[in-house]
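Naming convention: chains lettered A, B, ... in sequence-line order (proteins, then strands); numbering from 1 in each chain. As the structure is a computational prediction, the values presented were derived from the model and not from experiment.
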Protein chains: 2
Amino acid sequence: MAIRKNDEFEAIYPTLNLDGLTFLDIVDRIEQVVIQKSTQAITQGSLNNCRGTWNELAFIMEAHRSILQSTENLYLVKMGSETSIKFWEIYQKESRQKYDLLIDIFKNKQEPIFIRCSTPDFVVISRDIVRESSSSNILQNSSPPLKEINELYKVIKNKCLPYQVKGFISLKTSNRPDRRYQILVEANVAKFASRYIHESAHRLRYDIIGESNPSDREVFSAPLIFTLPRSGNNITSVERAIDSEVNIKSGQELDEYWKRYEEIIKLDREEKAVSPEEEFVNDNLDF
Amino acid sequence: MAIRKNDEFEAIYPTLNLDGLTFLDIVDRIEQVVIQKSTQAITQGSLNNCRGTWNELAFIMEAHRSILQSTENLYLVKMGSETSIKFWEIYQKESRQKYDLLIDIFKNKQEPIFIRCSTPDFVVISRDIVRESSSSNILQNSSPPLKEINELYKVIKNKCLPYQVKGFISLKTSNRPDRRYQILVEANVAKFASRYIHESAHRLRYDIIGESNPSDREVFSAPLIFTLPRSGNNITSVERAIDSEVNIKSGQELDEYWKRYEEIIKLDREEKAVSPEEEFVNDNLDF
DNA sequence: TCGCGCCGGCGCG
DNA sequence: TCGCGCCGGCGCG
C-alpha cells in the first residue's frame, strides 16, 4: 500500500512543534509517524521517494514565509515534474523563440539531437508575476495549501519575461558520488539556454541547497563547460555552473540567504552582467 | 553480513550454463543463488551494489574473449574506482602536461575550481600496451582470474600514449531519469580533456552499453556542450557527447560491436579527425 | 574511516 | 501506462 506522501505531509506537518528543528529533522519526524502507524512493511524505495518530497515541502513552507518577509520583490516557485516541464517553458514564448529554433534545428536533423536536462526543484522569480495573476492569492496566505504550492508553476508557465526569472534552486536531501552530477547538467543547460533567452541582460543564478562534504563541494565548484577555453586558446572569462552551494537548515538561515540573494541581483543589474571572474583574462594558456 | 560480490561471482559464474543467457540473465542467476543460500535478509542496497558489479564482470569476461577474437589490436580494461582514479591518469604524464596545467591553474585560484567526473567503467586501448607489460599474461588466458581483470588498469596507468587510448565505455544495468545524466558529464569532461591531451590527433570515443528507452535515448543524443554555438554565433561543427548507445546483450552482439569499433577507428585515423557533422556549418543562427 | 560508483522501488500526474 | 525525479544501503580499497 502506497504512502500518500502529500496527504501525510499535510496531516502531520501542522502537528509538529517546529522550534529548533532543521528541515531534515522535520522529514525524520514525519517518517517516524508514518512508519509507526503503518500496518505493513514499507520498502526503502518508497521512503526514499517520500523523504525527497517531504524535504522539499518542509523547505518551501518555511521559504514562503521567509522570502516574503526578507525581500521586496522575489518569490519562490516549486516546479514539480508532470511528464517533464522543460524549465524554459516558464518564459514567455516570444522571449524563447531563438532558443526554441535552435532546439528545432537539432531535433530535425537526420540524426536528431536533443538538449535535455531534469527540471530544477525551484525557480526564483519576480513577485510581480504572482501578484498580477488574479487566479492565485497565495501571497496573502501565511501557510498556503499544498495544492496551491504544487500547482503555482502552472500559473506562471509561459508568462515570465527574461528579467523576471532570477535563478533556479536545487534541493538535495543527501548526495552520493554518482547522483551529484545530475545537477551539473541542469546548471549547464539552464545557463546555456539563458544566453539565448536573456541575451546577457542579466545573469541567471543556479544554487544548491543541501548538506555536502568536501568532495561534493569540489564537484559543485565546476566551471560552466561552454565557457572553458579550448585547447590552445587564451582563457578569457570562465564562469561557474553553480553560484552558491550552502547548507540551509532552518528558517533563520533562509532569511539571510534571501537578503543576500536580493543584494546580489541588484549588483548584477547595476554591473550589467560583468563577470566577476575577469581575472582569468590574464591566464595565458597558449604555450 | 556483507555479500562478498567478487568471491560470489568467481564461485557461481563458472557453474552456469551460459548458452543463450544475456548479461542480465547471468546477473539474475547469480542473484538467485546468493539469495537462496543466504541465511538472513539482504537489503535492496546490497543487491543493487552487487548487480552493478556482476553485470560488469559478466560483460568483461565475454568481452575479453570477443575483443581478442574479433579485432587485431584493441583491448578492453575495467577501470574500477579505488578512491577515484581520474581517467586521464592512464595517459603518460608527458602527454597530459597541458591539461594538468589547466587543472592546476583552476585549483590554485583564490576560489578553487575543480574539473571532476566519475570514472568510466571501461577503457578501450591499443593491445600493445598490455602485450608490452611483462607483468601481465592476461592475453594468454581465455578466462583470466578476477584479480587480474580488476587490477589491470594499475598496469597501464601512466603508460598510454594519446593514440593508444581509443575510447571509454559505460555500462548500465538500468537507467533512471535522474541517474542517466552522470554519463553526460563524464563524456563532456573526457572529450574536453582529450582536446588538450590528444591535440586533435584522433577523436576519443565514448559509448554507452545498456538497455534504454526512447526518453533515455533522447538524453543520450546530447551535443557536447563546449561545441555548442553561443548565442548569436554561427553553428560550425557540433559534436555529440555519446558516440554510440547500444543494447549489447550477449557475446555474438559483442563480436559485431568490436568489428565496427575497429573499422570506425581506422576511418578516423584516415580522415584525421574530420568531424562527420560538417553539415552544421550551413545552419546560420545569427538572425 | 570514508570516498567511490553501484541501482532498484517508489508516489504522482 | 509510463515518465518523472526522488534517495538510501551497500562492497570494496
Side-chain angles (χ1 to χ4, degrees), chain A residues 1-9 24 27 31 41-57 79-86 116-121 146-147 150-151 154 170-183 186 210 213-216 218-219, chain B residues 1-9 24 27 31 34 41-57 79-86 116-121 146 150-151 154 170-183 186 210 213-216 218-219:
Chain A
M1 191 50 51
I3 300 177
R4 286 149 59 240
K5 62 182 175 179
N6 285 305
D7 293 347
E8 296 289 8
F9 183 88
L24 289 187
V27 171
E31 186 184 45
I42 300 175
T43 62
Q44 186 64 53
S46 179
L47 287 176
N48 292 348
N49 179 316
C50 291
R51 288 178 62 86
T53 298
W54 292 335
N55 190 29
E56 287 174 22
L57 294 179
M79 293 196 73
S81 72
E82 43 134 42
T83 326
S84 188
I85 345 154
K86 286 147 189 69
R116 293 189 52 170
C117 65
S118 44
T119 308
D121 297 323
L146 227 54
K147 199 176 163 63
N150 279 331
E151 301 200 343
K154 291 182 191 165
S170 247
L171 194 65
K172 285 280 163 206
T173 306
S174 71
N175 285 301
R176 284 292 179 282
D178 60 326
R179 290 198 280 101
R180 63 191 170 196
Y181 291 98
Q182 175 195 12
I183 284 177
E186 235 173 68
N213 63 31
S215 182
D216 296 331
E218 281 189 12
V219 171
Chain B
M1 192 48 54
I3 300 176
R4 286 150 59 239
K5 60 183 176 178
N6 286 304
D7 293 347
E8 296 290 8
F9 182 89
L24 288 188
V27 172
E31 185 184 45
V34 167
I42 299 174
T43 62
Q44 185 65 53
S46 179
L47 287 176
N48 292 347
N49 179 316
C50 291
R51 289 178 60 86
T53 297
W54 293 334
N55 190 30
E56 286 174 23
L57 294 179
M79 294 196 70
S81 72
E82 44 135 41
T83 327
S84 189
I85 343 153
K86 286 145 189 70
R116 293 189 50 170
C117 64
S118 43
T119 307
D121 297 324
L146 228 51
N150 280 330
E151 301 199 343
K154 291 182 190 166
S170 246
L171 195 65
K172 285 281 164 205
T173 306
S174 70
N175 284 302
R176 284 292 179 283
D178 59 328
R179 290 197 280 100
R180 64 191 169 195
Y181 290 98
Q182 176 195 10
I183 284 176
E186 235 174 68
N213 62 32
S215 182
D216 296 332
E218 281 189 12
V219 171

Do the side chain of [X] and the base of [N] come within less than 3.5 angstrom through a donor-acceptor pair of N or O atoms?
X      : N      : value
B:N49  : D:dC10 : yes
B:R179 : C:dG5  : no
B:R176 : C:dG9  : yes

Would A:S118 and A:Q182 count as having a side-chain donor-acceptor pair, cut-off 3.5 Å?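 Side chains of A:S118 and A:Q182: pair found under 3.5 Å.
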For a quick test of reading the model: is some side-chain N or O of [X] closer than 4.0 Å to OP1 or OP2 of [N]?
X      : N      : answer
B:Q182 : C:dC7  : no
A:S215 : C:dC2  : no
A:S174 : D:dG8  : yes
A:R180 : C:dC4  : yes
A:R116 : D:dC4  : yes
B:T53  : D:dC12 : no
A:K172 : D:dG5  : no
B:S46  : D:dG11 : yes

A:N6 vs A:N48, nearer the 5' end of DNA chain C by closest nucleotide: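 It is A:N48 whose nearest nucleotide is closer to the 5' end.
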Go nucleotide by nucleotide along DNA chain C from the 5' end; which of A:E151 and B:G45 gets its closest nucleotide reached first?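 It is B:G45 whose nearest nucleotide is closer to the 5' end.
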Audit row: A:F9, A:T53, side-chain contact (heavy atoms from CB on, under 4.5 Å) steps and yes/no: CA-CA 9 Å; A:F9 183 88; A:T53 298; over 6 Å; no
Of the non-hydrogen atoms in B:P120 and B:E186, which two are nearest, and what is the gap between them?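 Closest pair (atom of B:P120, atom of B:E186, distance): CA-OE1, 3.3 Å.
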Who passes salt bridge (charged side-chain N to carboxylate O under 4.0 Å, His left out) against A:R51, sequence neighbours left out?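 With sequence neighbours excluded, A:R51 shows a salt bridge (charged side-chain N to carboxylate O under 4.0 Å, His left out) to A:D28, A:E31, given in chain and number order.
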Output the rounded distance in Å from [atom1] ([X]) to [atom2] ([N]).
X      : N      : atom1 : atom2 : result
A:L24  : D:dG8  : CG    : P     : 8 Å
A:M79  : C:dG13 : CE    : C1'   : 16 Å
A:Q44  : C:dC6  : CD    : C1'   : 15 Å
B:Y181 : D:dG5  : OH    : C1'   : 10 Å
A:R51  : C:dG11 : CZ    : P     : 15 Å
B:D216 : C:dC7  : CG    : P     : 13 Å
A:L47  : D:dC7  : CG    : C1'   : 10 Å
B:W54  : D:dC10 : CH2   : P     : 14 Å

Go nucleotide by nucleotide along DNA chain D from the 5' end; which of B:D178 and B:T43 gets its closest nucleotide reached first?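 Between the two, 5'-proximity favours B:D178.
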Between B:C50 and A:S170, which is nearer to the 5' end of DNA chain D once each is assigned its nearest nucleotide?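 The 5'-side residue here is A:S170.
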A:R179 side chain to A:S174 backbone, donor-acceptor under 3.5 Å: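 Here the side-chain-to-backbone pair exists.
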Among the candidates D:dG3, C:dG3, C:dG5, find the nucleotide nearest to the side-chain atoms of B:N213.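 Nearest to the side-chain atoms of B:N213, counting from C-beta on, is D:dG3.
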Between D:dC6, C:dC12, D:dC12, which nucleotide gets closest to the side-chain atoms of A:R4?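 Nearest nucleotide to the side chain: C:dC12.
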Would B:N49 and B:I3 count as a side-chain contact (heavy atoms from CB on, under 4.5 Å) if you check the C-alpha gap in whole Å, the side-chain angles of each, and the deciding distance to 0.1 Å? CA-CA 10 Å; B:N49 179 316; B:I3 300 176; over 6 Å; no
